[in-house]
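Have a look at the structure below before the remarks.
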Amino acid sequence: MARILLRFSESIVEEPIIAQIILELKVPINIITAHVNSKGGEVIAEVPNEALDKVVKAFRQRGALVSIPKLIEVDSEKCISCGACVTLCPVEAIKIDEDKTVVFDKEKCIGSICSTCVDACPTRAIKSVKQNNAEATTNSKQ
Amino acid sequence: MKRLVESSGVEVAFREVDVVTTGTFGAMCSSGAVINLGHADPPIKIEKAWINDVPICHPGAAVDLYIGATAMSERQPFEYGGGHVIEDLVSGKEVELRATAYGTDCYPRTQIRTHLTKDDLNQFYLLNFRNCYQRYACAVNSRDETVYTYMGKLLPRLKNATYSGAGELNPLMNDPDYETIGIGTRIFLGGTQGYVIGEGTQHDPQNRLGTIMVRGDAKKMNPEFLRGASFTRYGTTLYVGIGIPIPILNLGLAKKTAIRDEEIFTNVVDYGVPRRNRPVLGRVSYKELKSGSITVGDKRIRVSSLSSLKTARKIAATLKRWIEEGEFYLTAPVERLPLDTVFKPMRQTEEVSFVANVMQKAITCKENETLQAVAERIVTRSVNHIVMVDDNGKLTGIVTSWDITRALAHGKTALADVVTRRVITAKPDEPLETASKRMAQHNISALPVIDNERKVLGIVTAEDVSKLLGR
Ligand code: SF4
Ligand code: SF4
């Protein structure tokens, strides 16, 4: 699965764009987070890798801005399991397990549009990296 | 030990247990390393030195240097510093040394540039003048903005809390009367064996805030227990692993080493207030801290640590293994840590100004007034700022003469269209310097002064500040 960030302007926010695309392309689109009001919206969604290109194209055709957020990764060599990052995470993607190791839940993390934890890490173990399947789409016009 | 005392009592524990090992792994800013470079040819008496662009102190003779953990790289400040230099050297990496000098008859050289590893150094000793604080405060931030401190990143309005220290695993907490700790106590330091060389600076035993000064051969250390670190907008530091064995010499020590996290308390302190005595918002135990959330007033706050409990446990376990395998021998201190040291604040011979010293009465208006009335008040009271308050005197907005001019230019007539709702404020006990910085940062010329309930107490203007601070 690949994560995409969709931005809808005021003029199109009322339209059921996501639903239309799911029906039209017959692709499951999983919504991770959504902040929508009458002035516009921001949605993070997950789509299957193989459908990424056509889904992105379909959203762009309908006037949505699509970008591929970077993923947040932790270098386990550098991480000292201090815990400084844990309480900063708005979605509780960072946990401390039984033996006091700090573990990241990549599925939950909303990626580089958040990045709240990144500058709090004293060993600079947290980095944002490109999604490995994002090469083709990130370079195209947004 | 802790469990044994609980289940079988102090007597049994005293008979069964010989030594309790402890450990802690946290950021310790008062850390550093002494190195000796050997002489160059022609020789140089170093005046200024840098390693990997980090300025290095030159406290003594020609080629002795002290790498302070908090010194920051001139090229990458806040990201790379003395702590990282020490870690790099310990890891066996090559570093670049640059030095300059004024040149003397016996030391003619004025510059040098060379590459070194730890093997090229004569001595490389970790020499930390304050480590291993018995406990730390728990930090929160009441301000409306995120603050970056030595207690980490603190989100606005008490949204998170941080703490440091290993609690019941902390070395000094297990021997709070320093019966077995003092000059000459052999310890685990950075992955090898080191020594306590006396009380640390700011040692404050009467408030259970003891510290130690330590020394160890850094050439033998392990980067797993010695890590350079960066605290955003605060600076660089060094994480240091320390473990102390506590021999159970008497029943009292059996009892003391049984200390639990729920018996160790610390204050929840508001780091949003940049003063020496920061407001204390509550009191919590290390048990609560380690549980991941604390309660302050009626608010539940998520809390996490800055020091690594995982590594602290590993240190205590390693020390235990060393002792069992006969690699580590306990020593009796030559002189115990003092119990009567007093930690005094700095004597200040120049006065510091606070917001309360310069604030003036605020000219206010109410929500339901007309723009016209507010404009008139600006003229008659000859001020530039009108503070909007509700019936209880609480801050709801601010209107400036510039806002009114602009409103007229745009043909706006309602007060509601003109007022700024998101007001940047100051607190009365804040140093004038930080208030002044905030004005500059937001490019504004006054700050309403409010109390904790957002009641308006006055206003401080850039003009008043510059009169007093003379800039
Ligand atoms: S980037 Fe944000 S969501 Fe992801 S782990 Fe860090 S704080 Fe949590
Ligand atoms: S702040 Fe960095 S070092 Fe500490 S637990 Fe998080 S990722 Fe690991």
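Here is the naming used below: chain letters follow the sequence lines, and residue numbers restart at 1 for every chain.
Residue B:F225: no heavy atom, backbone or side chain, is found under 4.5 Å from chain A. At a 4.5 Å heavy-atom cutoff, B:A312 makes no contact with chain A through either its backbone or its side chain.
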Heavy-atom donor-acceptor pairs under 3.5 Å, chain B with chain A:
| unit_1 | atom_1 | unit_2 | atom_2 | d |
| --- | --- | --- | --- | --- |
| B:E79 | OE1 | A:R124 | NE | 2.8 |
| B:E79 | OE2 | A:R124 | NE | 3.3 |
| B:E79 | OE2 | A:R124 | NH2 | 3.0 |
| B:Y148 | OH | A:D119 | OD2 | 2.6 |
| B:K153 | NZ | A:T116 | O | 2.7 |
| B:K153 | NZ | A:D119 | OD1 | 2.8 |
| B:N160 | ND2 | A:T87 | OG1 | 3.4 |
| B:R227 | NH1 | A:K78 | O | 2.7 |
| B:R227 | NH2 | A:E77 | O | 3.1 |
| B:S230 | N | A:P122 | O | 2.7 |
| B:T232 | OG1 | A:D119 | O | 2.3 |
| B:T232 | OG1 | A:R124 | NH2 | 2.9 |
| B:R302 | NH1 | A:C89 | O | 3.1 |
| B:R302 | NH2 | A:V86 | O | 3.0 |
| B:S304 | OG | A:G83 | O | 2.8 |
| B:S304 | OG | A:T87 | OG1 | 3.4 |
| B:S305 | O | A:A84 | N | 3.1 |
| B:S305 | OG | A:C82 | O | 3.4 |
| B:S308 | OG | A:I80 | O | 2.7 |
| B:S308 | OG | A:S81 | O | 3.4 |
| B:K310 | NZ | A:T101 | OG1 | 3.3 |

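Across A:C85, A:C82, A:G83, the residue that shares the most heavy-atom pairs under 4.5 angstrom with chain B is A:C82.
When the salt bridge (charged side-chain N to carboxylate O under 4.0 Å, His left out) test is applied to B:R422, no partner is found at least two apart in sequence or on another chain.
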